[in-house]
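When a ligand or atom number is given, it counts from 1 through the structure's own listing order.
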Amino acid sequence: MNFIFHFSLCLFPFPLTPRFGFQREVFLHLLVCLIEHLYIHIPFCPNICPYCAFYKESAGRERVETFLDALLKETGEWAKSLRPRTIFFGGGTPSALSIPQFEKLLGGLRSHLDLSALEEWTIEMNPATVAADKAALLRNAGINRISMGVQSWDDQVLKSLGRTHDADRAEESFGILRQAGFDNVSIDLIFGVPGLTLESWRSSLERSLRLAPEHLSAYGLTYEEDTEFFRKLGRGEMAPDEGLEADQFELTAEMLGHAGYLQYEVSNYSLPGRQSLHNSAYWSGKDYLGLGPSAFSTVGTRRWRNIRETGIYSDTTLNGKTAVDFEEEVTPGLKASERAAFGMRTLDGLPLAEASPWESELCGIEKEGLVHRSTDRWLLTPRGRLLADTVAEIFV
Ligand SMILES: C[S@@+](CC[C@H](N)C(=O)[O-])C[C@H]1O[C@@H](n2cnc3c(N)ncnc32)[C@H](O)[C@@H]1O
Ligand code: SF4
C-alpha cells in the first residue's frame, strides 16, 4: 500500500493530464544523490474487498510472470540511482505471489540492487496468504518487517468487509510469522465499520495487544470512490456514525497509549524505536522511487506516476518505453504545503520556522483547540488528532 498517496491525493489533487514525455536518461543525468526509499507495487489480490480503492486486480499466472519481467526491467533501469535504506512491497497483496514467483522477484532485485545500506524491508501480507514456507523464504531473503491486514478480530465485521480470513486464521498467521523469525510485525485495523460496536472494537484492540505486535495502524473506514462501499453509501444502504467513529478513535489512542505504544502519526502506533522508517521518510518529505503499476515517485523537484493498468504497464516497460503517464513539478510552495500537512500529523509536529506561511490560520484553529504551540513547534491537540484532515486543509 502506498497510503501516503491516499492522503496526499485527497489534499493535493494533481492535474491528471497524461504526459509521455518523461525522459529517464535526462533525469538520471541530473540526479545528484542516490535515492534511499523504494516502493514496489504488486497489484494482485486473490479477492477484491468492497472498501478498497488501491490499484489491484485478480492474479492470472501468465499475467504475473509478465509483470515480474517488467518490474525487474524497470528496477534494472533505475538500479544505479538507488541505494535503498528502506524497501516497501505494497499492493494489492504482495503476499499473494507464489514461492517460485517470489524466488524470481527477490533473486532479480538482489542481482540489480545494492542492498548494503538496507535497514528496513517491509511486505504487506493478507492473513489468508500467510504460510510457513513462504514466511521462511521471505525472512531468509532479508525482509525484516511485516504489515499484516487483520482489519478486525470480529468475524461478523470481517464478513461485512468481504475478507476471506476469520479472526482465528489471522492469529494463526501472526504465529507463523513469529515462528519464521519476524520480530517486527505491524497489524492494520479498521474502525468506523457499520456494525462495529465500541465494545467489539475494545475487544479487537485487546486481542491485538495480547499478540504484542511492534506496530499497529488503525484507520477510520473511508468510503473511497469507485468502491462497492461508496456505491452503497450513495444508495443509502450504508451510513457512517461519526460520533461512534470518534469514540473508537479515542479509545484506540487511550488503550494503545496505556500499553506503551506511541501515536507517532495520527493513524500509526509503535513501540519505542519501532516506527516505520519507510512511512516516516514519506512524511518528512524525503525522495522516494515507486516501481510497478500506479506507483508514484518524488525525486527532487519532480513527481511522476506509472501507468495504472498492469497489462499496459508491463507491455510498455518490456517494449523499452517509459511507463510514466503523469508528471508534475514539485514547486517549493507545494513541497512546503505537503511537508506541513504530513508533519503536522506526526508526533514531531511542525517546526515554527516551517509553519510561518500559515501562522495566522494556525492561531485561528488554536482558539478552536485543534493545535497548540510549544516553544519551537506546532502540535495537534487530542481533539486536533481526531480532526486531523480538517487541520490539514489549512495547508492546501
Ligand atoms: C493496500 S492494503 C494492503 C493489505 C493487504 N492487501 C490486506 O488487505 O491484508 C493496506 C491497508 O489499507 C487499509 N485500507 C484499505 N482501504 C481502506 C479504506 N477504505 N478505509 C480504511 N482503511 C483502508 C487496510 O487496513 C489495509 O490493510
Ligand atoms: S484491502 Fe488488501 S486484499 Fe483487499 S482489495 Fe485492498 S489490497 Fe486487496
Side-chain angles (χ1 to χ4, degrees), residues 1-7 9-10 39-59 64 88-97 122-131 134 138 145-154 157-167 169-171 173-174 177 185-194 196 201 204-205 208 213 215-233 238 240 245 248-249 252 265-269 276 278-279 282 290 292-296 308 310 388-389:
M1 160 198 65
N2 214 346
F3 213 75
I4 184 99
F5 297 118
H6 221 48
F7 176 61
L9 278 174
C10 303
Y39 174 80
I40 295 185
H41 192 79
I42 301 179
F44 305 107
C45 289
N47 179 62
I48 304 296
C49 308
Y51 55 87
C52 176
F54 290 102
Y55 180 68
K56 76 276 172 192
E57 58 180 72
S58 305
V64 179
F88 196 105
F89 282 178
T93 303
S95 55
L97 294 182
T122 304
I123 181 169
E124 285 183 338
M125 298 192 91
N126 179 318
T129 61
V130 174
K134 205 180 269 187
L138 298 174
R145 184 170 182 274
I146 303 288
S147 171
M148 187 162 71
V150 172
Q151 321 307 1
S152 175
W153 294 105
D154 178 324
V157 173
L158 284 170
K159 270 208 186 93
S160 76
L161 288 172
R163 304 292 288 182
T164 54
H165 60 88
D166 61 14
R169 173 65 163 110
E171 187 160 342
S173 298
F174 190 92
L177 295 170
V185 180
S186 178
I187 286 179
D188 286 348
L189 296 174
I190 303 183
F191 60 91
V193 180
L196 177 69
W201 180 243
S204 269
L205 292 169
S208 302
H215 189 284
L216 254 147
S217 300
Y219 302 114
L221 177 68
T222 319
Y223 291 83
E224 302 284 353
E225 268 185 60
D226 285 332
T227 62
E228 188 50 35
F229 273 18
F230 185 77
R231 287 184 283 279
K232 282 191 170 176
L233 183 72
M238 290 182 91
E245 186 170 336
Q248 292 171 351
F249 177 84
T252 312
E265 196 270 348
V266 170
S267 307
N268 287 282
Y269 300 80
S276 158
H278 188 83
N279 288 341
Y282 287 149
S294 80
F296 276 89
R308 277 169 69 93
T310 307
D389 289 349

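Backbone and side-chain nitrogen or oxygen atoms of E124 are examined, and none is located within less than 3.5 angstrom of a nitrogen or oxygen of ligand 1. Among the atoms of Q151, some N or O lies under 3.5 angstrom from an N or O of ligand 1. The shortest N or O to N or O distance between C45 and ligand 1 is not under 3.5 Å.
Among all non-hydrogen protein atoms, the one lying nearest atom 8 (Fe) of ligand 2 is C45 SG, 2.3 Å. If you check which protein heavy atom lies closest to atom 3 (S) of ligand 2, you get T93 OG1, 3.3 Å. Of all protein heavy atoms, the one lying nearest to atom 1 (S) of ligand 2 is Y51 OH, 3.4 Å.
Using a 4.5 Å heavy-atom threshold, the side chains of W201 and V193 count as separate. Residues P240 and L233 form a side-chain contact, since some pair of their non-hydrogen atoms from C-beta on lies under 4.5 Å apart. The closest side-chain heavy-atom distance from K56 to T93 is not below 4.5 Å. Residues P194 and S160 fail the side-chain proximity criterion, which asks for heavy atoms closer than 4.5 Å. Contact of the N279 side chain with the E265 side chain is not registered, since no non-hydrogen atoms from C-beta on lie closer than 4.5 Å. Contact of the S267 side chain with the S217 side chain is not registered, since no non-hydrogen atoms from C-beta on lie closer than 4.5 Å. In this structure the side chain of S95 never reaches within 4.5 angstrom of the side chain of V130, judged on heavy atoms. In this structure, the side chains of F174 and I146 stay at 4.5 Å or more apart for every pair of heavy atoms.
Annotation for ligand 1: atoms under 4.0 Å from non-hydrogen atoms of G149 are 9 (O), 27 (O). Listed by number with element, the atoms of ligand 2 under 4.0 Å from a non-hydrogen atom of R163 are 1 (S), 3 (S), 4 (Fe). Taking every non-hydrogen atom of E224 and a distance limit under 4.0 Å, the qualifying atoms of ligand 1 come out as 19 (N). When each atom of ligand 2 is checked for a heavy atom of N126 under 4.0 Å away, the hits are 3 (S). Remark: ligand 1 atoms within the under-4.0 Å shell around heavy atoms of G220 are 20 (N), 21 (C). Within ligand 1, the atoms closer than 4.0 Å to a non-hydrogen atom of G91 are 1 (C), numbered from 1 in the order shown. Close approach of ligand 2 to C52 is summarised as follows: ligand atoms under 4.0 Å from at least one heavy atom of the residue are 1 (S), 5 (S), 6 (Fe), 7 (S).
For the pair R163 and ligand 1, a heavy-atom separation below 4.0 Å is found. Residue G92 places a heavy atom less than 4.0 Å from ligand 2. Using a 4.0 Å cutoff on heavy atoms, M125 counts as a contact of ligand 1. Using a non-hydrogen distance threshold of 4.0 Å, S95 does not register as a contact of ligand 1. Contact between G92 and ligand 1 is present, with at least one heavy atom of the residue lying under 4.0 Å from the ligand.
Heavy atoms of I190 found under 4.0 angstrom from ligand 1 belong exclusively to the side chain. Heavy atoms of D188 found under 4.0 angstrom from ligand 1 belong exclusively to the side chain.
Side-chain N or O atoms of R163 include one that pairs as donor or acceptor with a backbone N or O of G149 at under 3.5 Å. Checked by atom type and distance alone, the side chain of Y55 pairs as donor or acceptor with a backbone atom of T310 at under 3.5 Å.
In this structure, Y51 and F229 have tilted ring planes: the angle between them lies in the 30° to 60° band. Ring geometry, Y282 versus H278: the interplanar angle exceeds 60°, so the pair is classed perpendicular (tilted spans 30 to 60°).
Which of F229, F230, Y219 comes nearest to atom 13 (C) of ligand 1 through a heavy atom is settled by distance: it is Y219.
For a distance bound of 2.8 Å, the N, O or S atoms of C49 include none lying that close to atom 6 (Fe) of ligand 2.
In terms of heavy-atom proximity, P50 sits nearest to T227 at O-CB, 3.3 Å.
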